[in-house]
K.L.:
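Dropping the structure in here first, questions after.
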Protein chains: 2
Amino acid sequence: MLSITSVVKGQINPERPLKAWATNAPRPADERTAVNTRADPLGGGGAATRGKAATIYDVAQAAGVSHQTVSRFLRGFEGIRPETRERVVQALEDLGYRPNLTARSLKSGRSHRIGALTHEISLVGPSRIVEGASIAAREAGYVLDIVSLDSSNPRAIEDSLALITQHDLAGVLALAVTDEMTRAFAATAFRVPAYVAAESEGVPADPRGILSRVGLPMLVAHLAELGHRRFVHIAGPSMWSAARNRVRDYEAALHSRGLQSVGILHGDWSAASGYRAISELAQVPDATAFLAANDQMALGAMLALKERGFRIPADVSVVGVDDIAEAAFFDPPLTTLRNDFEGQGRAAVFQLLARIGNTEVAPMSVPAPLLVIRRSSGPAPQR
Amino acid sequence: MLSITSVVKGQINPERPLKAWATNAPRPADERTAVNTRADPLGGGGAATRGKAATIYDVAQAAGVSHQTVSRFLRGFEGIRPETRERVVQALEDLGYRPNLTARSLKSGRSHRIGALTHEISLVGPSRIVEGASIAAREAGYVLDIVSLDSSNPRAIEDSLALITQHDLAGVLALAVTDEMTRAFAATAFRVPAYVAAESEGVPADPRGILSRVGLPMLVAHLAELGHRRFVHIAGPSMWSAARNRVRDYEAALHSRGLQSVGILHGDWSAASGYRAISELAQVPDATAFLAANDQMALGAMLALKERGFRIPADVSVVGVDDIAEAAFFDPPLTTLRNDFEGQGRAAVFQLLARIGNTEVAPMSVPAPLLVIRRSSGPAPQR
DNA sequence: ACAACCGATGTTATCGACAACATCCTAGAT
DNA sequence: ATCTAGGATGTTGTCGATAACATCGGTTGT
């Protein structure tokens with residue numbers, strides 16, 4: 001258990017003035033480069049930093065202009081005389097001005113926060129999605145307000161939505177979605193754009209957009225080419241649309257090749273559930289290929305199969321989905337489908353920003369799924 | 001790749017009025033229970049919900065009182081005549097009022113957001129810490145503004161800190177900390193309480209507070225009792241204080257038993273680095289026990305050792321730290337030390353809240369580390 | 001040469017909530 | 001019956017920023 005070391009931050013003098021006022025404003029080109037140049041030996045900034053935060057009024061007074069002129073400068077307005085501009089810049093730096101985003105968004109009605117509701121962020125998938133989203137948001141000048149649902153608390157969704165609707169956000173995102181969350185989301189009246197990032201279940205405009213639609217056939221093809229004919233799927237929890245999609249696309253892929261599914265087992269994404277799915281069976285299905293809906297369940301399933309005396313891949317092949325970082329070091333290393341979680345998070349943020357009206361975001365290109373062949377899959381045994 | 005399904009939220013009538021206005025205010029006792037009672041058949045609220053959000057002025061007008069009376073009610077002021085109170089409650093519900101937290105914090109100078117700066121949230125540890133923090137924050141009525149550092153971007157820390165300092169936050173947290181981050185954090189002048197949640201390196205008041213201080217001796221004792229005498233440590237990146245602590249406590253634990261470390265290898269927390277640490281060695285050290293600083297590196301090391309012909313645990317024992325969910329399903333299942341990541345996150349939030357002045361938080365009890373013995377450790381081979 | 005005009009800047013109102021102070025009304029004291 | 005204390009409520013100012021409008025000095029057109 002880590003202990004918590006506190007760093008009490010008084011108004012310590014900022015060694016490196018952050019020049020945060022320049023962050024979101026269209027700034028003169030030469031500003032960008034010179035962040036570390038001001039080596040102020042404890043003077044100047046000290047006085048200003050000590051008390052309360054400087055406002056545009058303070059800056060205005062220091063520069064001998066009106067607060068509005070300061071505001072104009074900050075917002076990138078062009079028509080300011082060079083000498084005036086000079087004085088404002090100077091005052092800004094001297095006082096170490098930082099915009100008060102609260103006041104800004106109160107007046108402008110715009111905020112730079114995105115609410116992100118997510119399930120089980122401690123799972124690998126969701127956490128990577130959140131990371132991608134967080135980084136994309138930061139790059140666009142937003143921060144992500146993360147509300148992670150505690151699945152042990154039945155009222156969590158309600159509470160979280162109540163929390164989210166109060167804060168004023170630029171938009172709301174649902175990441176890593178279960179049906180429950182989708183429903184609660186749809187029933188809530190947000191006053192801002194809201195998006196649910198989920199594997200769509202209908203017929204999507206761009207089928208590349210669904211990992212399982214394109215990826216599962218690749219997995220099945222790989223196994224079929226190795227001679228496998230009898231398959232078992234270890235599915236995720238059916239309240240996750242991602243889990244349902246994988247079941248559907250698994251069956252479709254088999255069907256289109258005239259192969260058969262020997263059975264579908266159910267897990268909850270965890271390695272433990274993959275292990276139980278196999279080990280609790282009275283008898284292991286007569287299949288040669290096991291396709292788990294994610295790598296963790298594949299890991300658990302592999303252990304259970306080995307304990308039952310199956311050799312992998314000599315007797316049975318096991319494949320997963322996601323290509324988590326550890327999959328290459330399972331024993332045997334796992335054949336799987338690479339899933340670009342970070343990309344999903346980015347894409348979700350970009351989609352939301354586009355709807356928010358931020359036109360500067362580039363449309364996301366959807367990376368194609370990638371089949372990663374390792375040693376957990378091999379030729380089907382001859383009977 | 002998931003596709004993103006948008007749910008365009010207009011001002012749909014809220015099926016279940018969230019009564020969010022009651023969330024943070026000391027409310028009359030009977031309010032708590034009656035959330036779903038108002039079955040308003042599309043009347044009343046409709047008009048108000050359609051346009052912009054209702055303000056206390058709108059509510060005041062609807063109730064025929066002054067906005068201040070509404071404000072008083074919301075803040076739990078007692079001296080309001082029952083009939084007036086009644087009208088206010090009615091108007092509040094009819095309009096589906098939600099407080100504008102932006103305006104509130106502008107005036108009150110207080111916010112209910114906590115900024116959390118974290119590294120590599122996609123690692124298992126950090127993501128679980130963040131989850132614990134997020135849940136604890138939500139329970140206390142705060143949300144976590146997560147800023148995840150993109151390690152590929154050298155200016156990420158600066159950018160992130162600039163971003164954080166602008167937003168108005170109740171406090172700032174650094175989770176899963178590297179030295180770089182600690183330094184940048186210390187050099188920044190926040191205007192609010194800031195805490196760095198890290199394994200402390202000095203002599204802590206409560207030694208139970210450090211996982212490795214208590215836990216590594218347990219691991220070493222376990223292995224020593226099995227007859228192991230020659231140990232190798234696979235360390236984390238040295239810029240993480242957690243990694244340094246583990247090295248230090250590993251050495252101390254060996255020393256106190258008169259045992260010797262045959263070597264310290266270095267990884268980066270990933271399974272790949274654990275694999276490389278062993279596989280790239282010209283010759284595997286003559287040791288019987290390998291102690292990795294986390295489970296992922298243990299996984300990689302196990303694979304490399306097996307590939308080099310070592311049997312686990314017959315020839316060598318391998319143990320990890322953290323007890324991630326998958327560790328029980330490695331082959332062999334990994335002996336490790338349970339690490340309460342979520343608890344760390346909670347603790348960090350509680351500590352911060354305490355400093356913020358929120359007196360309602362209970363002090364955290366620090367769970368003792370737990371040795372989890374599985375099959376990757378066994379009796380040392382007889383030479 | 002006078003007015004319309006324009007760029008640069010200042011003044012005032014505004015966002016939504018909270019807070020200080022002002023006011024009104026009623027009940028108890030004299 | 002009049003005064004007063006005090007509870008209940010209304011009015012105005014404030015937080016820090018943005019927006020609309022006003023103003024000032026100097027051009028430019030005719």
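Computed from a prediction, not measured in an experiment: that's the story for all the values here. In what follows, chains are A, B, ... by sequence order, proteins preceding strands, each numbered from 1.
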K.L.:
Which nucleotide wins on minimum distance to the side chain of B/His67, given the candidates C/dC18, C/dC21, C/dT9?
P.N.:
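It is C/dC18.
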
K.L.:
Starting at CD of A/Gln68 and ending at C1' of C/dA8, how long is that distance when rounded to a whole Å?
P.N.:
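Atom CD in A/Gln68 sits about 12 Å away from atom C1' in C/dA8.
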
K.L.:
What's the spacing between B/Tyr97 OH and B/Asp58 CG if we round to 0.5 Å?
P.N.:
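Reported to 0.5 Å precision, the distance equals 9.5 Å.
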
K.L.:
Going by the angle between their ring planes, with limits at 30° and 60°, are B/His67 and B/Tyr57 parallel, tilted or perpendicular?
P.N.:
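B/His67 vs B/Tyr57 ring planes: parallel.
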
K.L.:
I need the CD-P distance between A/Gln61 and C/dG10, as an integer number of Å.
P.N.:
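Rounded to whole Å, this separation is 13 Å.
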
K.L.:
Any side-chain N or O of B/Thr55 below 4.0 angstrom from OP1/OP2 of C/dG16?
P.N.:
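Checking C/dG16 against B/Thr55, no side-chain N or O comes under 4.0 Å of OP1 or OP2.
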
K.L.:
Without decimals, in angstroms, what is the distance between A/Leu74 CG and D/dT18 P?
P.N.:
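In whole Å, D/dT18 P and A/Leu74 CG are 7 Å from each other.
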
K.L.:
To the nearest Å, give me how far apart CG (A/Leu92) and P (D/dG16) are.
P.N.:
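My rounded result for the distance is 16 Å.
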
K.L.:
Consider the side chain of B/Asn100, meaning its heavy atoms from C-beta on, and name the nucleotide among D/dA19, D/dA17, C/dG16 that approaches it most closely.
P.N.:
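Closest nucleotide to the B/Asn100 side chain: C/dG16.
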
K.L.:
Would you indicate which nucleotide in D/dG16, D/dT18, C/dT9 comes nearest to any side-chain atom of A/Thr84?
P.N.:
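Nearest to the side-chain atoms of A/Thr84, counting from C-beta on, is C/dT9.
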
K.L.:
Between A/Phe73 (CZ) and D/dG16 (P), how many Å, whole number?
P.N.:
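The answer, rounded to whole Å, is 21 Å.
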
K.L.:
Examine D/dG16: is either OP1 or OP2 under 4.0 Å from a nitrogen or oxygen in the side chain of A/Arg104? Give yes or no.
P.N.:
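So the side chain of A/Arg104 is outside the cut-off, no N or O lying under 4.0 Å from OP1 or OP2 of D/dG16.
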
K.L.:
Can you tell me how far the CD1 atom of B/Ile135 sits from the CD1 atom of A/Ile146, to the nearest 0.5 Å?
P.N.:
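That separation rounds to 12.0 Å.
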
K.L.:
Start at the 5' end of DNA chain D and walk down; is the nucleotide closest to B/Tyr57 or to A/Thr102 reached first?
P.N.:
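Its nearest nucleotide being more 5', the pick is B/Tyr57.
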
K.L.:
Output yes when a side-chain donor or acceptor of B/Arg72 lies under 3.5 Å from a complementary backbone atom of B/Phe77, and no otherwise.
P.N.:
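Side chain of B/Arg72 to backbone of B/Phe77: no pair is present.
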
K.L.:
Enter the distance from A/Ile56:CD1 to A/Leu74:CG here, rounded to the nearest 0.5 Å.
P.N.:
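So the CD1 of A/Ile56 and the CG of A/Leu74 are separated by 7.5 Å.
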
K.L.:
Starting from P on D/dT18, measure out to CG on B/Leu106 and report it in whole angstrom.
P.N.:
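Those two atoms, CG and P, are 12 Å apart.
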
K.L.:
Separation of B/Lys107 atom NZ from C/dT14 atom P, in whole Å?
P.N.:
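So the NZ-P distance, B/Lys107 to C/dT14, works out to 18 Å.
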
K.L.:
Taking atom C1' of D/dT9 as reference, at what distance in whole Å does atom CD of B/Glu83 sit?
P.N.:
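Spelled out: CD on B/Glu83 to C1' on D/dT9 is 12 Å.
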
K.L.:
Do any side-chain nitrogens or oxygens of A/Ser71 fall under 4.0 Å of OP1 or OP2 in D/dA17?
P.N.:
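A/Ser71 to D/dA17 OP1/OP2: no side-chain N or O under 4.0 Å.
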
K.L.:
Starting from the 5' end of DNA chain D, give me the residue, B/Thr69 or A/Arg72, whose nearest nucleotide shows up first.
P.N.:
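It is B/Thr69 whose nearest nucleotide is closer to the 5' end.
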
